[in-house]
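Position 1 is the first residue of the sequence, and the numbers go up from there. As a basis for the values below, the full set of heavy atoms in this structure was taken, side chains included, without hydrogen atoms, waters or symmetry mates. All values derive from a computational prediction rather than experimental measurement.
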Amino acid sequence: MAQITVRMAQTPADFDIARVLCFEWLDWHWRAFPADGPRDGNPMNPAAFQTEVDNLESIHARPKGAILLAEVDGNPAGCVMYHASEPGVAEIKRLFVNEGGRGHGLGRLLLEQMFAAMIVDGYRMVRFSSARFLTDARRLYETVGFKDIAQPDGFPQHFRDFVYFMERPLV
């Protein structure tokens with residue numbers, strides 16, 4: 001039976017693991033969905049993504065954000081991140097389980113431990129956006145209580161057909 005651990009990133013080495021997982025996700029994403037490859041305006045545009053990954057520690061800084069890391073048998077296998085989007089509301093970013101970590105329930109475990117951390121941090125609600133073609137992820141989000149919400153005012157028109165938004169109360 002596999003040894004599963006989930007912990008909050010705290011050290012420079014932990015943040016480096018998170019960065020590696022982010023790029024594993026990007027590589028997987030482009031292999032699985034080549035039509036969504038790098039282009040101007042795409043949040044996964046290599047330059048924009050690199051800037052985002054370079055700043056993980058400040059974007060998801062404690063006490064209003066965090067990065068959780070999952071391991072299977074001591075090997076990095078997944079992550080999830082969050083930060084404040086408005087008072088009392090957190091936003092999820094980058095839930096990912098790599099191919100070596102799949103089949104162990106890590107996505108759900110990462111979400112459940114993230115919800116617990118968010119409650120401790122004082123959040124009442126959690127939201128996120130995701131691509132419509134990530135159907136397996138959507139099924140997971142629905143099983144842990146997320147519901148669809150309207151796209152926010154000002155969301156770019158050219159992305160409206162590709163992105164959905166969901167939220168879930170925490171308390």
Fill in the blank from the handout: Q151 and V163 have their tightest heavy-atom pair at NE2-O, 2.6 Å
Practice task
Please work out whether the ring planes of H60 and H83 are parallel, tilted or perpendicular, with thresholds of 30° and 60°.
Solution key: tilted
Practice task
Give the minimum heavy-atom separation between S129 and F165, together with the two atoms involved.
Solution key: CB-CE2, 3.4 Å
Practice task
Measure across V6 and A70 and return the closest heavy-atom pair with its distance rounded to 0.1 Å.
Solution key: CG2-CB, 4.0 Å
Practice task
Could you give me the CA-CA distance, side-chain angles and deciding distance for I92 and M166, then say whether side-chain contact (heavy atoms from CB on, under 4.5 Å) is met?
Solution key: CA-CA 10 Å; I92 299 173; M166 296 183 100; over 6 Å; no
Handout entry: Separation between NE2 of H29 and CD of E24, rounded to the nearest 0.5 Å
Key = 15.5 Å
Handout entry: Minimum heavy-atom distance between A90 and Y123, given as atom pair plus value
Key = N-CD2, 3.4 Å
Exercise for the section: List the atom of G101, the atom of L106, and the distance in Å for their closest heavy-atom pair. Expected result: O-CD1, 3.5 Å
Practice task
Only counting residues at least two apart or in another chain, list the ones meeting side-chain contact (heavy atoms from CB on, under 4.5 Å) with N55.
Solution key: T51, S58, I59
Practice task
Kindly work out whether a path of hydrophobic side-chain contacts (I/L/V/M/F/W/Y, heavy atoms less than 4.5 Å apart) joins I17 to V97.
Solution key: no
Exercise for the section: To the nearest 0.5 angstrom, please state how far the CZ atom of F49 sits from the CZ atom of F23. Expected result: 5.5 Å
Problem - Residues that A18 engages under side-chain contact (heavy atoms from CB on, under 4.5 Å), provided they are two or more places apart - result: L56, I67, L69, M81
Practice task
Establish whether Y141 and L109 are linked, either directly or via other cluster members, by ILVMFWY side-chain heavy-atom contacts under 4.5 Å.
Solution key: yes
Problem - Value rounded to 0.5 Å, distance of CE in M114 from CE in M8 - result: 10.5 Å
Problem - Side chain E167, main chain V89, donor-acceptor under 3.5 Å - result: no
Exercise for the section: Please say which of T143, I149, V144 ends up in a side-chain contact (heavy atoms from CB on, under 4.5 Å) with F146. Expected result: V144
Problem - Backbone of Q3 reached by a side-chain donor or acceptor of D73 within 3.5 Å - result: yes
Completion exercise
Interatomic distance, CG@L21 vs CG@D16, rounded to 0.5 Å, equals 11.0 Å
Practice task
Working to the nearest 0.5 Å, report the span between CG of D121 and CG of L170.
Solution key: 10.5 Å
Exercise for the section: Before giving the answer on side-chain contact (heavy atoms from CB on, under 4.5 Å), spell out for K93 and F128 the whole-Å C-alpha distance, their side-chain angles and the decisive distance to 0.1 Å. Expected result: CA-CA 7 Å; K93 293 293 209 177; F128 72 93; over 6 Å; no
Practice task
Would you kindly confirm whether F115 and V171 end up in one hydrophobic cluster when ILVMFWY residues are joined by side chain heavy atoms under 4.5 Å apart?
Solution key: yes
Exercise for the section: Give the cluster check for W25 versus L140: same hydrophobic cluster or not, with ILVMFWY residues linked at side-chain heavy-atom distances below 4.5 Å. Expected result: no
Handout entry: Distance (rounded to the nearest 0.5 Å) between L26 CG and R94 CZ
Key = 10.5 Å
Practice task
Quick one: list whatever passes salt bridge (charged side-chain N to carboxylate O under 4.0 Å, His left out) with D148, sequence neighbours left out.
Solution key: R138
Handout entry: Note: D161-R132 ion pair, threshold 4.0 Å (strictly below)
Key = no
Handout entry: Hydrophobic cluster identity match, L111 and Y164, side-chain contacts under 4.5 Å
Key = yes
Exercise for the section: Output yes when a side-chain donor or acceptor of R168 lies under 3.5 Å from a complementary backbone atom of V126, and no otherwise. Expected result: no
Practice task
Could you check whether the rings of F96 and W28 sit parallel, tilted or perpendicular, using 30° and 60° as the cut-offs?
Solution key: tilted
Practice task
Check the side chains of S85 and R127 for a donor-acceptor pair under 3.5 angstrom, ignoring hydrogens and angles.
Solution key: no
Practice task
Compare every heavy atom of L110 with every heavy atom of G78, then report the nearest pair and how far apart it is.
Solution key: C-CD1, 4.0 Å
